[in-house]
Amino acid sequence: MAAMGKTKRVLIVTGRVINEAVSFCVFSLLDLLDFLLCFVYKLADFFIEAEWKPCYCSSGKEAITCSGKILVSEQGGSKVVCLSSTKLQLEEISDTLYTRPSLVSEVSSLTVTELKRLKVADRTTIVQSCEKIKKGTVRSSFTVNSTIVEMLQGKFGRHQFHPIPRWSDCNCGFCTSWTSSSKESLFVRAEGLKEKAREDVLFIHGFISSSAFWTETLFPNFSSAAKSTYRLFAIDLLGFGRSPKPTDSLYTLREHVEMIERSVLEPHKVKSFHIVAHSLGCILALALAVNHPACVKSLTLLAPPYFPVPKGAQSAQYVMRRLAPRRVWPLIAFGASTACWYEHISRTICLLICKNHRLWEFLTKLVTRNRMRTFLLEGFFCHTHNAAWHTLHNIICGTASKIDAYMDAVREQLKCQVTIFHGQDDELIPVECSYNVKTRIPRARVKVIEKKDHITIVVGRQKAFARELEEIWRNSSD
């Protein structure tokens, strides 16, 4: 028995060593491939769209001179980028967008360090240093990454979404249906009559998904009593499904939350509502609940991506490494690492899959003889690289420094019921994340579903989950 235990430990250690060795080789090659694809896409963008498109590979470029003056200052403890009369809070932009250490980047950095030092004035945005005198002199200076500035130039001073898809994005009628509408709002699937409904329920999907995750699973399985009691709203998040996919958006937390408020809460006059959110949507649900503490009746979170940041660690960088560990196994970790670490490889995947999603959906139906429901594929395929890339970094990674405050507010300011569901076999978001939330919000109830993963926590058990939700709503309304 002891020999078997020792053999098992040896095999586990051996497997880890092999995984780390293979991962180092594979991701070193991917570092090089992404570096080369950067130049390929710059040339392609120039010849197809007649202009150079910025990317996050380089941390510095020539300072941009335009009608608006860009500076960095401290206001109330937050860093703000000012352009004309418009302000953007710097903390909304995750540093993981432009700081992702790799073998190629480290070699390049060592090679050009001296050159960058000589040309620092030309390669960085104007920096305004703020001095405070308190028990001595403390100087704090902040540098805004010039790539962000370049991407913001088309955004500031503009009040409408840029309707033109990029050449590498899908331009089919489904993906661009939002361009034919004069309304700048999300796609919302609503069920239930306002006159009969007592309360409302808002469903927020996760990363690379759509409202179909709810409407094709839960909506048909709610009881007639629930449908007559509640108005159900399922949205496509900004950049996904049939919602707007602006090319000039940075898909920050503020943008996502404001679009939900503008598309659901305001036009439908939602005053009292329950929130059901999955994965990335849990972060938006917490932010929304904090914005409307008196209106939220219950908060149901599925697989919340909450990784407490150790003291002294860089929050966004820490979460990125937990979510995307640069490992080839398990496969879901490899997929997350590829999507999170490589801007141009992930764009290539979007080019091959998302731009040609009609073909892939046809092949899937052909191979499965039309037995497979394709609503999950719809959510996976129908987005742009710009939306997925910025949402991943600015929401999951970039909010790492804020999420503790959101949960503290939920604990102290909200009296609503908090329920958390998590699949026992979830390899993307570990079960410990849900227990971490409970540590922060003690009244939260955690329910771990056996033999279910990140998707099958809903898909495949939709009838049982619909009954569970109805019970939560009834208890919250008592």
field: Among F219, F213, Y230, the one residue meeting ring pair (Phe, Tyr, Trp, His ring centres under 6.0 Å) with F203
entry: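 So, applying the ring pair (Phe, Tyr, Trp, His ring centres under 6.0 Å) to F203 and each of F219, F213, Y230, only F219 qualifies.
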message: For F334, run the ring pair (Phe, Tyr, Trp, His ring centres under 6.0 Å) check against W329, Y342, F27 and tell me which one passes.
response: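 Result for ring pair (Phe, Tyr, Trp, His ring centres under 6.0 Å) with F334: F27.
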Nearest 0.5 angstrom please: [X] [atom1] to [Y] [atom2], how far?
| X | Y | atom1 | atom2 | answer |
| --- | --- | --- | --- | --- |
| R443 | T419 | CZ | OG1 | 10.0 Å |
| I283 | L253 | CD1 | CG | 8.0 Å |
| N386 | L250 | CG | CG | 8.0 Å |
| T391 | I208 | OG1 | CD1 | 9.5 Å |
| R189 | T215 | CZ | OG1 | 5.0 Å |
| S401 | Y318 | OG | OH | 15.0 Å |

task: For D426 and H454, run side chain to side chain donor-acceptor pair (under 3.5 Å): C-alpha distance rounded to whole Å, both residues' side-chain angles, the deciding distance at 0.1 Å, then the answer.
output: CA-CA 5 Å; D426 194 331; H454 198 66; 2.7 Å; yes
If you take all heavy atoms of [X] and [Y], which pair is closest and at what distance?
| X | Y | value |
| --- | --- | --- |
| W178 | S243 | CD1-O, 3.6 Å |
| K245 | Y251 | C-OH, 3.3 Å |
| V22 | V328 | CG1-CG2, 4.1 Å |

- request: Using side chain to side chain contact (heavy atoms under 4.5 Å, CB included) as the criterion, point out the one residue from H268, E191, E199 that pairs with R231.
  value: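 Of all the options given, the one that passes is H268.
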Between side-chain atoms of residues 302-311 and protein atoms elsewhere (two or more places apart, or another chain), which donor-acceptor pairs fall under 3.5 Å?
residue	atom	partner	partner atom	Å
Y306	OH	D404	OD1	2.5

- prompt: Parallel under 30°, tilted from 30 to 60°, perpendicular over 60°: which one fits the rings of H390 and Y56?
  reply: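 Perpendicular.
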- prompt: Which of parallel (below 30°), tilted (30 to 60°) and perpendicular (above 60°) describes F207 and F240?
  reply: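 Perpendicular: the ring planes of F207 and F240 meet at over 60°.
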Under 4.0 Å between a side-chain nitrogen and a carboxylate oxygen: does that hold for [X] and [Y]?
| X | Y | result |
| --- | --- | --- |
| E432 | R322 | yes |
| E470 | R467 | yes |
| K355 | D169 | no |

- prompt: With sequence neighbours left out, what residues match E266 under salt bridge (charged side-chain N to carboxylate O under 4.0 Å, His left out)?
  reply: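 E266 satisfies salt bridge (charged side-chain N to carboxylate O under 4.0 Å, His left out) with no residue once adjacent residues are dropped.
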I395 and H256: CA distance, side-chain angles, deciding distance, side chain to side chain contact (heavy atoms under 4.5 Å, CB included) verdict: CA-CA 9 Å; I395 304 302; H256 276 291; 3.7 Å; yes
query: Could you give all pairs that pass the ring pair (Phe, Tyr, Trp, His ring centres under 6.0 Å) test and reach residues 393-414, with sequence neighbours left out?
result: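 Ring pair (Phe, Tyr, Trp, His ring centres under 6.0 Å) check on residues 393-414 returns W389-H393.
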- prompt: Which residue, N171, D45, T384, forms the side chain to side chain donor-acceptor pair (under 3.5 Å) with R166?
  reply: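 The residue from N171, D45, T384 that satisfies side chain to side chain donor-acceptor pair (under 3.5 Å) with R166 turns out to be D45.
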message: Looking only at the side chains, is there a donor atom on one of D453 and T456 sitting less than 3.5 Å from an acceptor on the other?
response: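 T456 and D453 do have a side-chain donor-acceptor pair below 3.5 Å.
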- prompt: Does a donor on one side chain sit under 3.5 Å from an acceptor on the other, for Q417 and S476?
  reply: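 Present: a donor and an acceptor within the cut-off.
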- prompt: For F222 and W214, what are the C-alpha separation, side-chain angles and deciding distance, and is it a ring pair (Phe, Tyr, Trp, His ring centres under 6.0 Å)?
  reply: CA-CA 11 Å; F222 285 125; W214 309 111; 9.6 Å; no
- prompt: Where do T96 and Q317 land on the side chain to side chain donor-acceptor pair (under 3.5 Å) test, with the steps shown first?
  reply: CA-CA 6 Å; T96 58; Q317 295 289 333; 5.7 Å; no
